[in-house]
Amino acid sequence: MNNLLIWPVALPLLTALLALLWPRRSNWIGVAGTGLPLLAVLLVSWQVAASGPLELALGGWAPGLGIALRADGLSVLMLLMSALVTMAVAVYASVYFAHAERRGEFWVLWLLLITALHALFLSGDLFNLYVTLELLGLTAVVLACLGGSRESLQAALRYLVLGLLGSLTFLIGVALIYAGYGTLDMAALGDAIVAGPTAWVALSLMTGGLLIKSALFPLHFWLPPAHANAPAPVSAVLSALVVKAALYLILRLWLELFDGVVTQAAAVIVGVLGAIAVVWGSWAALQAERLKLMAAYSTVAQLGYLFMFMPLLAALPEGAGRELALGALVLLALTHGFAKSAFFLAAGIIMQRAGHDRIAELGGTARSLPVTAFTIALAGVALIGLPPSGSFLAKWQMLSTLFVTGQWVWLPVIAVGTLLAGAYIFRLLGHAFAPGEGVGPSLSVGREEIPAVLLALIATLLLGFWASAVWELVPISAYAGGGA
Amino acid sequence: MMTMSVWLPVGILLSSFIPGVLIFFQPEERHRLRTLLNLLGALVKLLLVGVLIWGVFHEQVFETRWFLAPGLEFVLHADALSVLFVSLSTLLWLVTTIYAIGYLEQTPHRSRFFGFFSLCVTATVGLALAGNLFTFVVFYELLTLATYPLIAHKGSPEALRGARIYLRYTLFGGLLLMIGAVWLHTLTGGVEFVQGGVLDQFAELDRDLLRWIFLLLILGLGVKAALVPLHGWLPQAMVAPAPVSALLHAVAVVKAGAFGIVRVIYDVYGVEFAAELGVLSLLGAVAAITIIYGSVKALSQDHLKKRLAYSTVSQVSYIVLGAAILGPLATIGGLVHLVHQGVMKITLFFAAGNYAEALGIHRVSEMDGVGRRMPGTSLAFSIGALGMIGIPPVAGFISKWYLGLGAVEAGAAVWVLPVLIASSLLNAAYFLPILYRAWFKSPATPWPADKTAGCARELPDPLLWPPVTTAALALLIGLFAAAPYSPLEWAELIAGREYRQ
Amino acid sequence: MNGLILLLPPLVPILMALFAHRLERRWWLFSAALPALFIGLLAEEGSGITIPWVLLGMHFALDSTGRLFLLFGALIWMLAALFIPSRDLAPGATGYIKQTFLLALAGNGLLILAADMLTFYVGFALMGLSAYGLVWGRSQRARRAARVYLVFTLVGELALFAALLFLMVSGGSLLFEDLTAEPMPAIALALLLLGFGIKVALPGLHLWLPRAYTLAPMYGVAVLSGPMMKAGLLGWLRFLPFGTPLEPAWGNGLLLLGVAGVVLGMLIGVVQRQPRAVLAYSSIAKMGLFSALIGFSLNHPQLAGGLLPVIVLLALHHLLVKPMLFMGLALWQRNHPGFWLLPALLLLALSLAAFPLTGGGAAKSALSTALGGQLAGLLLLSGIAGVALMGRFLWLLKGRVISVQQDPIPAPGWLLLLPVAVWTPFSWQAFIFEWKTLLPLVAGTALFFLGLVCRRWLDSLRLAMRHKGQHLNLGAVQIHADMPDASSTLRQIWLPLKQAAQPLRFDPASNASLALRDPAVWWLLLMLALLGTLSLSLFI
Amino acid sequence: MMSQSLTMLPDLVLAAMLIGLAWAALSSDDLRRGVVLFIAFGLLLAIVWARLHAPDLALAEAAIGAGLSGALLLVALRDEAGGKETAGRVSQVSRWMVDLFALIMACLIGWVLWLTMYAEPAERLAQLANSMLEHSGVSNPVTAVLLNYRAYDTLLELVVVLTAVLGVLVVGRERRGYRQAGPVFCGLVHWLVPLLIVTAGYLLWVGAHAPGGAFQAGATLAAAGIVLRLAGNDAAGLLDGMLLRWSLVAGIGLFLLVGLGVTINGGLFLQYPEAWSGSLILVIESAATASIAAALVLAYRGGRPDGWLSVADYDNNREVSR
Amino acid sequence: MIDLLALILVFSGIAFFFFGAIGLLRLPDLHSRLHALTKADNLGLGLVIVGVALLHGSPLAALKLLLIWLLVLLGSAASAHLISQYALRRRRQ
Amino acid sequence: MTQVLLYALTGAVLFMLGVRAALLRDTVLPRLLALNVSGAGVFLIFVSLAYRGDSLPTDPVPHALVLTGLVVAVSATALALALNRRLREMDNE
């Protein structure tokens, strides 16, 4: 029964191989290969929700010597997000790439990306995390350069190099951890790690590496070009999932492994960077002239929010208050994941129909592509943090935590960020609603529009109304530092 | 019975939400189906609200709870105050829908329009039924979202500009409201709307803190209620189509702000506690300034809808003023004005829309002699205008009467009465010339765009009857103010419950 | 059942007003007042009805005062209806004479029958505002007069409204019968004086009157000078606390104002060159007398019981005679007045001037009896004023204006009402002759002839008042309009303020300010400000 | 004391040389020089691995770290020659900042290392790994770790390789091949390639109990391919079409299938039955060797070979055949 | 004894390497450098290998070492050939 | 044990050297070199962790980790080089 945990990883991997072998059938294999892990993830989630965290000691070796896969609330939520988003994007991509030359490779890489994501979310071993991180980075890079344009290649290369730097930095942290504590198993580490130079240096190194990957403010510069120039389905998962993977790791490290090591000052530093990212990213998004670039900058800003949680979390003692904040953080990340992927998919539709994505020339879009415009609006709602989206709840709880911890400083940042987000989203909508010749004669609902709108609906409605599940799941932790 | 009490609030929400969503996906040509959906939704809602009124009157509890997040519950709860607002919006929604169907005939994007229209009403009803501050904030923001496309509906640069300004204000306001709400929420661990307020039970809370929160909440709500430094969006938003303006000014947006202020004062802070904090006098002063300022501004507007918009700025603050004066009578005045202003203002906007639609008249200076040409519309307009001035027996008089009584009772007559009187005079000063032009002047030149020439009647039915109906309503609820189930009686009921403690 | 009848006088005209565009014959308007007449004649006194669910609860009752007002008012209304020119009744006529006439009638009936303050107020407002359409005329000046009238009326309404608020809060009830239970708040008293003072044209608040009376159509002036003006008086009678002792300042103030009104009306009236203007100032003078009497009664509760009925009767007399004079003037001014008209007018004038053997004379003697010898000087003054003004009026009849009136004016109706007007309501006392009543007459006549002799000098006086190019014409109606530069001074302060308050361009075409450009309104505002500070200081 | 410092001497020299070479390779403005120095650095590193009792690593480093990377970098130099070199200028301040940062971080890491290795060394997994060796099916502890204890890592690592190769394939067309080599080189190749293949097989086989294993074997095989290509064989000994695909997939596929297959009996993922583990590992390793070799050669070839058809090509073929 | 011999062999091999390296650095042109290098390498390596084989003592190991030497010989010969050919071609162009 | 520490420290130095160069250089190839040097530094640390003196068997786990890391690094390098090549081609077109 425990082998359940391997399926979210094994299934996409298997199907990836199949897709590699039968490129002609890759469309079908790709969609199926995305759907099957979704089922597995659902099963896992159900199990976790019903009976607590799951653990799979691979090869039957005790964790430590061997590698353990673990699923707890946090990873299940991440898995759910990734499985759902990839499912929707896969359906979309089966239309988007219907006639692309390299769709065979796309599907293989796509499935490998899913493998990497799921492996990362399930991994319970620090070094294995490094491997999954690398795998994720490489698949993402390759997918990002599928577009084939010069910009996309350049961006992908930069992404790759920085990703390598990031994972190396992570790896040296892992080395120090192994040096200090003699194990790589995260559960064991969660118990073992105590505050001290080893923990501090290792944590800062690992965090530094992950911050590059998650594009926190001064390290964000690779993100906008990479996300903006990739093909739409790829941009969607890059913005929605890939950066979140690094964030997920940071959360794991900070809150569960290095709980008690993290100092308030460090958290504040990260928070400040997050705050700058919020303001700067939103501002840049407001200035952006292209739709996808705007979305990419918006990702920078949204990630900033997530990092602003750090000082709050650090200031809270373990317990309900912290779980509340953590749940809010996760909810915000989830909402952003769904919303941003929907946004990118919609942008892709517009780009395919119009041949460009210059915001100023989008007049008439709302008329010719009503569903897509609707998707953008819904996703925008979630990005701004308006109800009934999940991000509204998350921001509410964030503010609440802010008041509880007395960290008023962040208040103006949230306010400014929200307003700026409103500004850029509605600037876009304003252009879309404006009269114009539109982007094409099509008035019908395309098959690729449905996944986009579904994603947006998940972000705005599902996560808004069933957000309590997040708070139910988050305290289920497989690691000592968690809600034990 | 138990289930009905849970499902009724949800049903009221859904009765406009579902048609709204369905309409979105209707092709533009399916005119009949859309109309059917619209009217069906409105009628079902009316029916449900009828049941609700009956139930609340007999002190039944209607409540729906949905757990959203730790400490956050989505609560729909019907108390007398909700019922007042719900019934207003439901009734006027029906009328406005009919009007909009007539008004938007042969224009593009009707599906989108009616979709958002229904969502707008859903949000408003949700606001009315919100059972705690959190739910209120949710619907408050939703309302912003649902109205934005309506204001921008025409897609012209002015419309987009108006919508942008609207958003700028309301998002900012929503944010402030949210910050205040979260703060309060954090301090008290959940703010349910309870008649008489909840905050006086938290004796240990810092008074200054509560004052700041009050300021935040009022700033947030004041944007929609168009209190004076925050009113800038309202005159800009008049570029929207007439049914939207009607909805905006009479039912949805502006009212949402005013309703929120009432909620905060009565059901969150508790009016006595708020008075103890000393925040009410400040609010009253702001309301007074707004009343005068709006009227003075309205004087100099030649654009009819702009004049009406400034008039709204002024009139809505009556509600705030009523809420800010301690005492049941002022409360009654403010609350009843919530309804009265809605009915009267919607009449005015319908009429303004009719003038623009039939004759292309947008300015006051073009209205010479229009009364003879469009007697029904003009009569409705006149009744609305007279009501705004406070001429008995139109509804506005009742509001002013109770406001004045409340002011005298609370010993605030020194500043409230001059404000009321000055405002009435100013109202007269900007409304009566319109009536004068309409009725007593003869048309000098041909009207800018005369579409009704050669028509058998002055206007098609869906355009003519809504203003006439609402005008009649304005007259009737004023004339039969003391009758059972009248808005006044509800307001008295509410005030009675608020001050029971 | 009995009480329900009381609803007819207001209801019937309102219902007719709804269908007024169909009523093309003036008999309809004529018959609109029939219910009032009917109630006034036949209804049982003391009958009443309460309708709790209308407005805030409406109470109707018929007392003797009300019955008289209703009855005689109805007569005037009916007669005035006959004076409406038929072109104003035609379907496409400009203005809304029929509707406003009917609504004003309804309001009048409503306020007379009201048993509570709110109902009274509603009727008062309905009547006052509707009358705008009656004052409104075709000339520019008439429209302006109508505007000024409207502003004053609105101010009056609002003052009354505010007064009601205070009364409601202090007394807890709006019924007239509960009124005397508590001492009236000073501010309410001040507001009542102001509110009704505008209607009865207290000096300072009378500015709307001369214009309206000289420029409005005749039927309008008729009802305005008769039933409507007396409604203000009725308001005082109903509202003011005659039974309870009060600060003497109130009564004295009102008394002084009234005296001022008499003097002012007389002095300005006699130098007018239009008969209508003379009649207007005569009204001011007459109402000054009433005001003074009310003030006196306020200060003398013990006399009030006897005095008030007399005041009512006097008022009724004036209610009848003044409209009759106006309408007679209209008859006189048409193309071919009958030979009988001059004596008829003379008779009316004599009655108004309280000549013995007329209703006026009888009333005055009844008054002096009720006063018990007090205020003899005032009575004398009033008598002199009456005689002087009536003399001037009759004198001015010689230069008659030829109007373009083509309608057959219902002279028979007028004639029919003439005796009623001259001798009612004192017909049984009218023929008692007392010499002392002749004293004012003699003095008045003397004054009148003095005026005739000195009229050149009066003319030069008028010229002397001319300065700075402004027609500060003592004799002209405008005299009050251009009060010495106060308005322009005010305006100079106000304009920058206004501009500061309005960053937007002021659109001159919009004609937004109702009558703000009218100096009379500025005068009113000044008065209001004074009164406001006064009442505020009292209130605080 | 003396002897200790004497035994330290070679280590000191090695360390100094490592740092010196790295510094020289990184600070050189001439790319070719940098690459060559880097290869030298890699070889030196291999010696260090040997010095640190890590023969598996030494082999791998020599084959992969220095050998393959070096070959890749050297080939890349060819591309670099034509490109525009846009060396951006880094301001002096930021240079100092970076230097300072690097110094501080190096000190911190060094401090921690000193603490953990010298001041308070921790008990790590060595004991456990070695004690479990008998259950792992192999006697080379490194192989045991790689293919049994942490086989999952290795599986994913293979996936990484596959991904990288796919990336290389996606990005562009293959690099031009070389001219047919002269007789001397051809003669060498004739000897060398079979030898390399045999060596690879040996390394694979020996991996179970001695240094060696799939990676080393794969790298050796790949080296054979590279040699072939240098000699003018464009395909570098690789198969075409479906077979190439199969060979890329084989390693991972077999690994995965074995991993999943053992769960049928109720075992955990990758939990080999103890009796079978040796042979299973060998099977997996063989397949992995093939895959690794194919992947590495493909990476060296640097692009999509002609035989690697895209889906569009298939579509076109189908259309043509109709 | 054998150890001593082996050591001598190894050290002389190292000396060859050393001189080869000096030659590589000091000699003027490519061909002479190649000459110095290959000679030094092959011989040096051979000596070292013989020494090591003696040290190790087992014939199997000696065989392996011999194989290595042969391979290196082969490789260096071929590569020296290739390099010089390349250089010649360059010069001709 | 000092010897191990020496190598570990060398690894740290190498790592930071690589990072420094990666940050300062802005063309792809030098950066890749720098990253590879960094990686070598990390591996050196790992391997020195594994070494437990001549008497005890080494810790195989870090060895395996380094082996994995090595392959990953090569893969990434190959990919980066391929991308770089494609970019160069585009430059030349």
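Computation of the quantities below employed the complete heavy-atom set of this structure, encompassing side-chain atoms and omitting hydrogens, waters and symmetry-equivalent molecules. Residue numbers begin at 1 in each chain, while the letters A, B, ... track the order of the sequences. In this text the structure is predicted, and so the values were computed from the model without any measurement.
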List the atom of A:S468, the atom of B:A69, and the distance in Å for their closest heavy-atom pair.
CB-N, 4.2 Å
Heavy-atom distance under 4.5 Å between the side chains of B:L145 and A:V381, does that happen here?
yes
Could you have a look at B:L187, B:T144, B:V138, B:L176 and say which one has the most heavy-atom pairs with chain A under 4.5 angstrom?
B:V138
Hey, is CZ on B:F193 packed in by over 12 heavy atoms from elsewhere, all under 6.0 Å?
yes
Enclosure of B:F17 CZ (heavy-atom neighbours >12, cutoff 6.0 Å):
no
Below 4.5 Å from any heavy atom of chain B, which atoms of A:S400 appear? Answer side chain, backbone, both or neither.
both
Parallel, tilted or perpendicular, as decided by the 30° and 60° cut-offs, for the rings of A:F426 and B:Y148:
perpendicular
Structural part of B:I179 lying under 4.5 Å from a heavy atom of chain A
both
Would you say B:R211 has more than 12 foreign heavy atoms packed within less than 6.0 Å of its CZ?
yes
Is there a donor-acceptor contact under 3.5 Å from the side chain of B:W66 to the main chain of A:F465?
yes
Indicate yes or no: at least one non-hydrogen side-chain atom of B:L171 is less than 4.5 angstrom from one of A:L386.
yes
As an exercise: rank A:W471, A:F374, A:W396 by heavy-atom pairs under 4.5 Å with chain B and give me the winner.
A:W396
Below 4.5 Å, heavy atoms only, C-beta onward: do B:H185 and A:F403 meet side chain to side chain?
no
Identify which part of A:L429 has an atom lying under 4.5 Å from any heavy atom of chain B, answering side chain, backbone, both or neither.
both
Do you know the tightest heavy-atom contact between A:G464 and B:L68?
O-CD2, 2.9 Å
For A:L399, which atoms come within 4.5 Å of any heavy atom of chain B: side chain, backbone, both, or neither?
both
With respect to chain A, which residue among B:L160, B:L142, B:V137, B:L167 yields the maximal number of heavy-atom pairs within a distance under 4.5 Å?
B:L167
So, the part of B:A152 with a heavy atom under 4.5 Å from chain A: the answer is neither
Examine whether an atom of B:A159 lies under 4.5 Å from a heavy atom of chain A, and if so say whether it belongs to the side chain, the backbone or both; otherwise answer neither.
neither
With a 6.0 Å cut-off (strictly less than), is the heavy-atom count around CD of A:Q287, excluding the residue itself, greater than 12?
yes
A:F392 and B:M178: which non-hydrogen atoms are nearest, and at how many Å?
CE1-SD, 3.5 Å
Expected output: side-chain A:Q397 to main-chain B:P70 donor-acceptor under 3.5 Å
yes
Assess whether atom CZ of B:R30 is packed by more than 12 heavy atoms of other residues, nucleotides or ligands within 6.0 Å.
no
Counting heavy-atom pairs closer than 4.5 Å to chain A, which one of B:A181, B:S111, B:G174 comes out on top?
B:A181
Given a strict heavy-atom distance threshold of 4.5 Å, which part of B:R168 is in contact with chain A: side chain, backbone, both, or neither?
neither
